[in-house]
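Naming convention: chains lettered A, B, ... in sequence-line order (proteins, then strands); numbering from 1 in each chain. Just so it is clear, the structure is predicted and the values come from calculations on it, not from any experiment.
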Amino acid sequence: MRDARPLVRLLRDPAGAGQVKDWTSLVAVARAESLAGSLACRLEGLELPAPVEALLEAARRDGEAGRVQALWEAEMARRALAPLGVPIILLKGTAYAAAGLEAGRGRSIGDLDILVARPALPDVERALLAAGWEWVKEDSYDDQYYRRWMHELPPLIHRERDRMIDVHHAILPLTARPKPDMAAMIADRVALADGLFTLSPPDMIVHAAAHLFADGDMAGGLRNLWDIDRLLREFAEGDPGFWPALNERAARHGLLPAVGRAVRLAHHLYATPVNWCQAPISKSLISEATTPAKIGARHQLAAADLLYRRRLLARDGWGRARRPLIRLGFYVRSHWLRMPPLMLAKHLWVKARKPRR
Amino acid sequence: MNHVFRLQVGPVSFRIGSQWRRPVAQLRRLYEGYPEPEGVCDFTVRLEAERVWRRWLRPSVAIRGDYVLPDAAPLPLAQGLLAAEMGMNLQMALGQKRFLLLHAASVERDGRALLMTGHSGAGKSTLGALLGERGWRFMGDEFALLDLADGRLHPFPRAVSLKNESLGLFDGVDPARLGPVLTGTPKGRIRHLRPNGEAVARMGEPATPVLILFPRFGRDLEPTVREVGAAEAFMRLTQASTNYVALGESGFDALTRFVGALPCRAIDYADTAQAQALIDELWAKA
Amino acid sequence: MSERSDISGEEGIGRPSRRVVLALGAAAASTVVTIRPALAQTAGSVLNCEIPVPAPQAGPGNFIAADGSLVPAGTAGAYPPLARPLKGEEVKAMLNGGRAPAGVNSEAAQAYANYIRRLQAGMSGFTCYASLQMPR
Amino acid sequence: MAASLYAADPPETMRQFEVEGLTLLYHRKSGLTHFLAPPAPQILAALSAGPASAAEIAARMGESFEIESEDPAAAIAARLAELEAAGLVWRT
């Protein structure tokens with residue numbers, strides 16, 4: 001297996017499971033991409049060889065345990081923060097699981113990510129520290145850097161439960177070029193039954209796309225794109241207003257390019273159904289893409305998309321990362337996206353002076 | 001990967017890939033007569049150079065695979081076999097979710113299994129291996145796999161890693177069953193021993209657990225037996241399990257059923273003859 | 001409780017039909033113990049691990065004070081970072097018997113040992129340290 | 001200030017196993033297993049009738065048990081703090 005395409009194909013179309021020759025490689029890729037639980041849920045109920053079924057059953061059980069643990073961590077954070085009376089918005093995997101979304105099925109969930117309004121940050125920090133969370137790092141530089149420029153508090157870990165929490169006040173670093181409208185995002189939150197919140201459906205997509213294309217180095221990208229596929233399908237089904245709403249929100253947050261790229265790549269890799277007339281697309285293209293032929297061409301991958309696609313699929317049948325140069329390129333880019341050049345130079349200088357291990 | 005070995009041990013299968021020939025050749029010899037897995041392998045282990053040039057220059061083996069720990073340190077290529085063994089252990093410790101995994105040795109007689117668990121150095125591994133040469137069926141010296149549905153114990157008869165002084169206890173075994181002597185490892189001098197033909201031939205047969213022992217070895221200890229209550233046994237077994245918490249309610253069910261039904265004893269011993277006498281005595285009553 | 005009656009084993013929280021004595025215990029007593037994952041302990045016995053002193057996350061230019069805390073480089077009575085990570089076996093010897101690793105004097109070893117005792121989950125070396133904490 | 005009201009998950013969301021006077025409790029909501037010594041299980045039992053203040057909990061327990069304590073209020077408060085840290089009770 002030279003890249004992750006067989007995994008993508010099977011996620012897209014589980015009926016192909018009967019033709020799989022090399023389950024071992026497929027499972028190794030799925031585990032390396034944190035998609036083993038999602039795959040296992042996707043293949044549930046199919047006639048498969050007994051050893052494969054046993055392995056997938058264990059992956060589903062593991063996914064379920066992870067879901068319970070993630071929701072419990074959210075609940076403990078809710079209890080710790082309840083006296084403050086500030087809305088707590090769940091992000092990423094925990095949000096999908098708490099909202100019962102398809103994207104949460106079997107999904108591996110790492111840290112607890114929450115979003116609060118920036119003015120509430122000091123109170124939230126104090127309340128978490130009082131309830132048993134502790135700083136992970138002692139480094140003053142990183143601390144100062146985090147507080148000044150990042151979109152989240154430095155990571156905290158709970159001393160009894162060993163779980164990390166990331167407290168965000170924005171979805172991108174403050175130094176990044178797009179400036180999402182956080183007030184609007186927080187105002188449009190959706191209440192869950194237990195007193196917690198999620199983002200609105202369009203903002204959930206915007207956040208997932210921003211996280212994937214405008215922030216990190218694309219590690220775990222296939223999983224994040226799978227989230228986007230599941231979310232788009234679920235939100236758009238039976239809601240004709242969804243695509244225009246997504247377009248509007250992506251534009252308002254300055255994230256049309258990222259959302260457009262997410263939609264194109266999800267469509268190409270996971271066959272996400274898209275309403276191309278109303279799908280998010282960069283403004284510069286909207287004016288010229290008005291004829292039916294040009295609208296029809298909107299789904300085509302741009303040249304840069306191909307590079308992203310290669311990066312997303314760069315995993316061999318042993319679970320090894322492939323294409324080190326493209327990876328390095330995206331790593332450098334992730335820093336470039338996060339900060340203006342001068343600040344980047346300073347940041348890299350300080351990092352370089354740290355002892356390397 | 002350049003060199004590949006696939007291995008079935010009880011109900012678990014591994015695919016081991018290596019950038020170097022030697023570790024795979026050694027595995028092949030050590031596990032001669034083991035079945036090849038049919039179809040999917042549960043876990044993938046990779047032995048690879050930490051940095052590209054370390055494949056040739058002072059080669060050191062990084063232990064990677066489906067599941068990895070960040071603090072894992074590489075081993076010199078001469079200890080590649082040990083790296084492969086550690087890699088398989090690591091996959092079990094981090095990734096095994098089909099069974100309740102207990103860090104324990106187990107042996108069987110008449111379809112009934114004896115389980116021995118304790119901290120490393122307590123002697124469970126040596127005792128398990130010794131009993132396996134003396135009329136019991138050896139089921140495993142490192143991990144015992146408790147079936148979540150029916151409470152039976154599955155064999156996991158991997159090669160036994162004999163350390164330092166316990167090496168001398170196995171002088172009489174067929175030399176073809178012994179791996180290379182590995183010196184200067186993090187655990188001292190090590191030599192692997194392939195379980196005997198019966199253990200390998202019957203690796204697919206589970207057994208009903210009937211007795212749990214917590215052995216403790218010490219040169220100055222008097223041979224004693226102490227009854228261990230279900231509460232203490234439960235606590236100890238959760239700490240001897242890598243996946244108890246991850247298995248959730250099915251783990252709770254399996255383990256409460258286990259400690260509720262089985263006698264548990266702690267035994268102290270100063271030499272293996274004492275231990276065997278105590279075990280025979282307790283087994284007769286079990 | 002001095003007497004228990006009618007308390008079912010599996011289901012239902014104890015609801016005795018006769019009055020039994022229930023001691024509430026001292027305020028400082030502990031009545032809840034949560035079972036925590038034992039992965040680190042078992043992993044330690046199957047793994048060759050090491051601990052960087054200090055962890056890379058601690059950042060550059062820190063020394064280790066006698067009590068194990070991190071202080072600015074050059075602080076009097078503090079020790080410089082170790083050039084190489086410590087092997088699990090070295091740490092075990094250092095924590096148990098106070099035997100210093102090769103090339104480290106005993107006061108410095110004490111400081112490093114204290115640093116390791118203060119490691120928290122999430123920091124490099126924590127899993128390794130936790131695995132060495134098994135009672136023998 | 002009004003006294004805090006404590007709440008607990010209903011008994012059917014937990015599994016209990018009694019061993020040697022102790023209670024092993026599997027709490028489905030957290031996926032965690034706790035080892036409880038008296039009077040922790042009895043406090044949870046008292047809360048199965050609905051949220052209550054510390055004083056009400058003591059009163060409910062007094063219906064079934066002969067309470068033995070030098071300072072019941074302090075002892076119950078300490079037990080509640082432990083149960084709260086474990087996530088088995090919370091303040092409403």
Side-chain angles (χ1 to χ4, degrees), chain B residues 67 93-104 115 117 144 146-151 209-214 225-266, chain D residues 6-51 57 61 64-69 75-76 78-91:
Chain B
Y67 300 91
L94 297 173
Q96 178 57 260
K97 303 289 160 65
R98 277 167 60 198
F99 309 96
L100 182 72
L101 186 148
L102 296 168
H103 197 206
L115 194 89
T117 182
L146 188 65
D147 196 295
L148 295 169
D150 64 17
V210 295
L211 176 63
I212 305 173
L213 293 182
F214 298 97
V225 176
R226 177 173 69 85
E227 200 164 316
V228 176
E232 183 187 343
F234 187 94
M235 274 311 244
R236 283 192 182 212
L237 289 171
T238 62
Q239 295 314 293
S241 169
T242 52
N243 62 1
Y244 169 75
V245 173
L247 289 175
E249 195 164 353
S250 51
F252 179 83
D253 282 342
L255 204 54
T256 47
R257 209 181 321 132
F258 196 54
V259 299
L262 266 65
C264 309
R265 302 282 184 275
Chain D
Y6 290 87
D9 289 303
E12 61 272 18
T13 64
M14 299 184 228
R15 295 283 306 283
Q16 309 221 9
F17 187 82
E18 306 252 341
V19 272
E20 300 158 22
L22 298 171
T23 301
L24 273 169
L25 182 136
Y26 179 78
H27 181 224
R28 262 189 210 123
K29 199 166 174 184
S30 62
L32 293 173
T33 304
H34 306 278
F35 235 121
L36 305 183
Q42 289 74 21
I43 291 177
L44 291 179
L47 283 172
S48 66
I57 292 169
M61 283 164 60
S64 321
F65 303 100
E66 202 77 52
I67 301 288
E68 192 176 83
S69 175
I76 288 192
R79 299 294 83 83
L80 282 168
E82 282 186 89
L83 289 165
E84 191 177 12
L88 291 171
V89 306
W90 65 93
R91 279 176 250 197

Item to check | All side-chain contact (heavy atoms from CB on, under 4.5 Å) counterparts of Pro51(D), not counting sequence neighbours | outcome: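 Checked Pro51(D) against side-chain contact (heavy atoms from CB on, under 4.5 Å); matches are Ala7(D).
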Checklist entry - Without hydrogens or angle criteria, can the side chains of Thr33(D) and Tyr244(B) be said to hold a donor-acceptor pair below 3.5 Å? => result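 Distance-only check passes for Thr33(D) and Tyr244(B).
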Checklist entry - Got Phe234(B) and Phe35(D) here, is their nearest side-chain heavy-atom distance under 4.5 Å? => result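 Phe234(B) reaches Phe35(D) side chain to side chain.
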Next on the checklist: Does the plane of the ring in Phe252(B) sit parallel, tilted or perpendicular to the ring in Tyr26(D)? Use 30° and 60° as the thresholds.
Outcome noted: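 Rings of Phe252(B) and Tyr26(D): tilted, 30 to 60°.
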Next on the checklist: Quick check for you: among Gly229(B), Gly248(B), Ala231(B), Ala230(B), which has the greatest number of heavy-atom pairs under 4.5 Å with chain D?
Outcome noted: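 Looking at each option in turn, the highest pair count goes to Ala231(B).
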